[in-house]
Every structure is written in C-alpha cells, then in structure tokens.
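The analysis underlying the following values was restricted to heavy atoms, covering all of them including side chains, and did not include hydrogens, waters or symmetry mates. So that the names make sense, note that chain A is the first sequence line, chain B the second, and so on, each numbered from 1.
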Number of protein chains: 2
Amino acid sequence: MNTTYGQYCPIAKAAELFAERWTPLIVRELILGSHRFSDLERGVPRIPRALLVRRLREMERAGIVERRQQGDSRHPAYFLTHVGQELGPIIMQLGVWGQRWYNAHTEPDELDPALLVWDMHRRIHRDRLPPHRVVVRFDFTGACHGSYWMLLEPADVTVCWVDPGYDADLSVTADSVTLHDVWMGRQSFASALADGRVELDGARPYIRGFPTWLALSTFAHVTPANTATAPRG
Amino acid sequence: MNTTYGQYCPIAKAAELFAERWTPLIVRELILGSHRFSDLERGVPRIPRALLVRRLREMERAGIVERRQQGDSRHPAYFLTHVGQELGPIIMQLGVWGQRWYNAHTEPDELDPALLVWDMHRRIHRDRLPPHRVVVRFDFTGACHGSYWMLLEPADVTVCWVDPGYDADLSVTADSVTLHDVWMGRQSFASALADGRVELDGARPYIRGFPTWLALSTFAHVTPANTATAPRG
DNA sequence: CTGTATCCGGATCGATACTG
DNA sequence: CAGTATCGATCCGGATACAG
C-alpha cells in the first residue's frame, strides 16, 4: 500500500515510507552490504521480484535509495543515500526489540539454511582467514537438510548452492535448528561443538580456525526476555 | 496484511508487528496518552473503526497492548505493556527522521485543524495555567476554516468541536496553514504574532499568558534538512 | 461509547511465466 | 542478471446499519 495516512505528523510521514511491507528488510540488506539486485533477492528470498523492483523504485523516488548504473554497461547497483542511512539506527533498534521479545526460537517454516549461509558469509572475519582459499561445506541435517558451500578468501567470501567442484577443506555438519540457534545466540558455538550438535571435519588447522572466523548475527548478544509476558500467536 | 515474512531475522519478526499499516500511529497515540477507544479514533481520524478494533486486538495478542476493563463496568482502556513501551524510542526516532526529510511543509490534504487542536491540547503546560477555567476559541481561516474550543484547567484540558456554551475568554485567529507551521516549528509563535498571522483577542492576562501555555509538537525542534536531496512525489 | 456486521470497489500482494 | 507481464486471491477503505 503506497497510500498515505493524510496526517501532518512526522511519524505518519515516516511510516508511509518506512513501514511499507518488505521495505525494512530491503533497507536491512542494503545496510548489510548487498547492492546487486540478485543479492537483494537472496537476502529477501520470499519477496516477489516485481515487488522488489517496485520498492526500489519507490525508495529511489523518495530519496532513500540511489541506483547506480555501473561503468561501461555493467549491472546496476543500489545504495542507500544519506537519507536512507539515517534509517540504520532505527532498523537496528527494531531488530533488538524483535530479538528481545519475539525470537526465543525459530519457527519451523522460518528455517532457511540457504539464507543462513548467505547471512553468515557476510560476517566472516576475513582478516583472520589464512592467505589461501578454504572451501567449507555445510551439511544441514534434520527437517531442513541440504548442503551448501562457502569459499573463504581474505579478499572475498562467496556462497555456492551447488557443488563448486573443489574438494572441501572442512565440513560443518549440524541439524538446521542447531545452526540457527547458534547464529541467533541461543547456544554458543563452543557448546554446540562440545555436545556434538555441530561436527567439524577436516585438517586440524581448519577445525581450529573455523570457530574464530565465524561471526554470529548482529543480534546474537541480545538476550530474549521472558516470552511468558509477550505471547505470540 | 498480517502475513509474515517467513524469516528468522529479528528485524523481520519486529516488522511483522510494528510495520503494519496504522500500527505506528496507534502506538504513537498510546504513547501520547490516549487510552480510550474514542480518543484513539480522534488521534487517528482516518482509520476505519473496524480496522482500529482489529489492530488493537492484534497488538493485544502480541503482548504490545493491554486492554483494561475499568472497574464497575466503565469503558475499557488501552495501555502499552512494557513490551509496547519499548517501541517508544523507535517511534520517536522515526518521527525525527520524518521531520528532517519529509516534513518541510504540510500538504493541503493533510491540513486538519481538528486534529491540530487535539494534538495541542495534550501538550498544554497545565502547570502554568491560572487556577480557574479559561475558555479559548480557535478560529481557523483560509482553505480549511472552522472553529474549535479548548477548555483549560490545571486539572484537565478538554477540546470541543461545537460551541460549549461558555463565552470565550480568548480567541486565537489564524490561517490553518500558519497554525500548522507554528506547531511543526517552521515558524515561531512569537513571529507569527508579530507579523499578524496569528491574532489573539481577549483580556490582557490571557493574551500574555497563552503563548506560555502552548507547547509545540515534540518534533518542532527538529530542523528539516534540505529536501532538494530527498525529493518526494 | 465501544464495538459488530456487512457490503463493495479498488488497490495490493503473491505466484508464475516470460524476455533482452 | 535484471527485470516485465499477467492473473487470481486478499486486504483495505469507506459507508452504513445496528447493538449492548
């Protein structure tokens, strides 16, 4: 709904733009460093493509997003303008609120290993990686199983949804629920390794290194409050 | 749309609740001190009644709002729970952002003297009022004209949309655009008086007192930035 | 006063298929 | 890769009537 509220109140004016469906998630992706159209799609996998196009156009028109046609007919890229960047703290506070009150666990239909790996790849500590490429295979077990590959290099971390052909230097095996819990800070990676819920397999340096390369969600440090006071359908 | 985003991300979980249409404005009203159903309707005049009911129920279910049936079969009242109150800073930041970038002026169809008087009545400095009742009549001129009454007492400030029958102790005459500009901080009340855009009529103590009783919008102190960089359709 | 119930036209959303 | 085009399902807005 791009309809207005018809109020002079600045909260209403802001909500007309910011509180549109999907918009907070698109802004989140841009903040987290996705700029290509296809990357935005990966970060917001359930948005209809036409709607993503439309939201980007609306935000561009409102001065929140800038579309740059990369030099010599390359693919376009999207960036937050200064106006859009000022939404950053608001988005983050919203995430803290969500984590505190409404994220004590991940619903079964919210499990999304592909998205999880995509989120993780953006927060790898690249400065701690060895100077050569390391190929990591994630083997998710349980309700939502499948394999994904992450290619770690100090210059760039990429994700593959199909076997890239390289032999994996390290495999990470875990139930999909467990890895979501670790990512959201509900269980530490160390304890998940200790009790065998996460298994690492590969050469010793990689097994020892990987836990230091991985960073958790931005909100992992926010402790969920007692949800008994905030039930959710 | 009470549909979900299907993402484990806490920003998505929060947006599902907070970024629903009308919800930010309802939360704003609750923060500003409206608790009765009819008061919420006054503060969000364009929301269909059935939708207001529905949003309140949704928020209640989510633990954001608490509905209290006042003692001995009185009218019900709505309050923000602790969870809902934590949205306060987010709402306010959103308002600052809206004021900064998207509120350089009030659109003609956003002029709403009835809402303006309603907003003003909540921010009167009651502690500065004389100990007896003062009746103020607002006469709006221009595109959006009409008269409204405000009954000022230290214990309570009320608004009337029809002549309450009392003689007015003070009349405030101004173009509707001017008074919106003053409220939003785009022109000072003093300068509007000085250049005759606002006229006060009544006994001397009331004319001198009124400018000290009136408080502006919470966002009046936020200076709009240059909108040339943030055009808006 | 605080809702419920209904109806309808139009806007929006979600899903799918197609294209340069 | 980065969009368009299309279509049915749903939601919203606005109006109206009614009830405890």
Side-chain angles (χ1 to χ4, degrees), chain A residues 1-7 12 15-17 19-26 29-30 34-61 65-79 109 118 158-161, chain B residues 1-7 12 15-17 19-26 29-30 34-61 65-79 109 158-161 233:
Chain A
M1 288 255 190
N2 204 12
T3 55
T4 62
Y5 288 114
Q7 286 199 7
E16 286 173 9
L17 294 166
E20 280 284 293
R21 183 152 169 76
W22 296 110
T23 298
L25 304 192
I26 299 169
E29 288 304 301
L30 291 166
S34 287
H35 300 290
R36 298 254 309 263
F37 187 88
S38 55
D39 290 344
L40 294 173
E41 268 192 307
R42 273 191 246 288
V44 195
R46 302 205 186 189
I47 191 174
R49 186 171 292 177
L51 195 47
L52 176 55
V53 172
R54 179 174 158 182
R55 287 285 182 270
L56 287 169
R57 297 290 176 274
E58 288 168 356
M59 287 192 261
E60 192 180 356
R61 187 171 133 101
V65 158
E66 186 188 354
R67 183 180 192 266
R68 295 191 202 147
Q69 195 62 253
Q70 304 288 58
D72 50 314
S73 82
R74 287 290 313 282
H75 304 295
Y78 297 92
F79 292 88
D109 59 353
W118 177 254
T158 58
V159 175
C160 296
W161 284 263
Chain B
M1 291 259 189
N2 204 12
T3 54
T4 62
Y5 288 115
Q7 286 200 6
E16 285 173 8
L17 294 167
E20 279 285 291
R21 184 152 171 76
W22 295 110
T23 298
L25 304 193
I26 299 169
E29 288 304 301
L30 292 166
S34 287
H35 301 290
R36 298 255 309 265
F37 187 87
S38 55
D39 289 345
L40 294 174
E41 270 192 307
R42 274 191 245 288
V44 195
R46 301 206 187 189
I47 191 175
R49 183 173 295 180
L51 196 47
L52 175 55
V53 172
R54 178 175 159 183
R55 286 287 181 268
L56 286 168
R57 296 290 175 276
E58 288 168 355
M59 287 193 261
E60 193 181 357
R61 188 171 135 100
V65 158
E66 186 188 353
R67 182 178 192 267
R68 293 190 202 148
Q69 196 62 253
Q70 304 287 58
D72 48 313
S73 83
R74 288 288 315 283
H75 305 295
Y78 296 92
F79 292 89
D109 58 353
T158 58
V159 174
C160 297
W161 283 263

Using a heavy-atom cut-off of under 4.0 Å over every strand shown, decide if A:Leu52 touches base, sugar-phosphate, or nothing. nothing

Phosphate OP1/OP2 of C:dG3: any B:Arg67 side-chain N/O under 4.0 Å: yes

Side chain of B:Pro76 only, heavy atoms from C-beta on: which candidate in C:dT2, D:dC1, D:dC12 is closest? C:dT2

Most 5' of A:Trp22 and A:Arg49 on DNA chain C, judged by nearest nucleotide: A:Trp22

Cationic tip of A:Arg68 above A:Phe79 ring, under 6.0 Å, 45° of axis: yes

Taking the basic N atoms (NZ, or NE/NH1/NH2) and the acidic carboxylate oxygens, is any pair closer than 4.0 Å for A:Glu58 and A:Arg55? yes

B:Arg67 to B:Phe37 six-membered ring, cation-pi geometry met (6.0 Å, 45°): no

Looking at A:Arg46, does any N or O in its side chain come under 4.0 Å of the phosphate oxygens OP1/OP2 on C:dA15? no

Here's a test of your reading of the structure: between B:Ala50 and B:Arg42, which maps to the more 5' nucleotide of DNA chain C? B:Arg42

Report the distance from atom CZ of A:Arg54 to atom C1' of D:dA5, rounded to the nearest whole Å. 15 Å

Here the distance between atom P of D:dG3 and atom NE2 of A:His75, to the nearest Å, is 11 Å

Determine whether B:Leu56 and B:Ile26 satisfy the following criterion, side chain to side chain contact (heavy atoms under 4.5 Å, CB included), listing intermediate values before the conclusion. CA-CA 8 Å; B:Leu56 286 168; B:Ile26 299 169; 4.1 Å; yes

Nearest of C:dT2, D:dC12, C:dC13 to any side-chain atom of A:Arg21? C:dC13

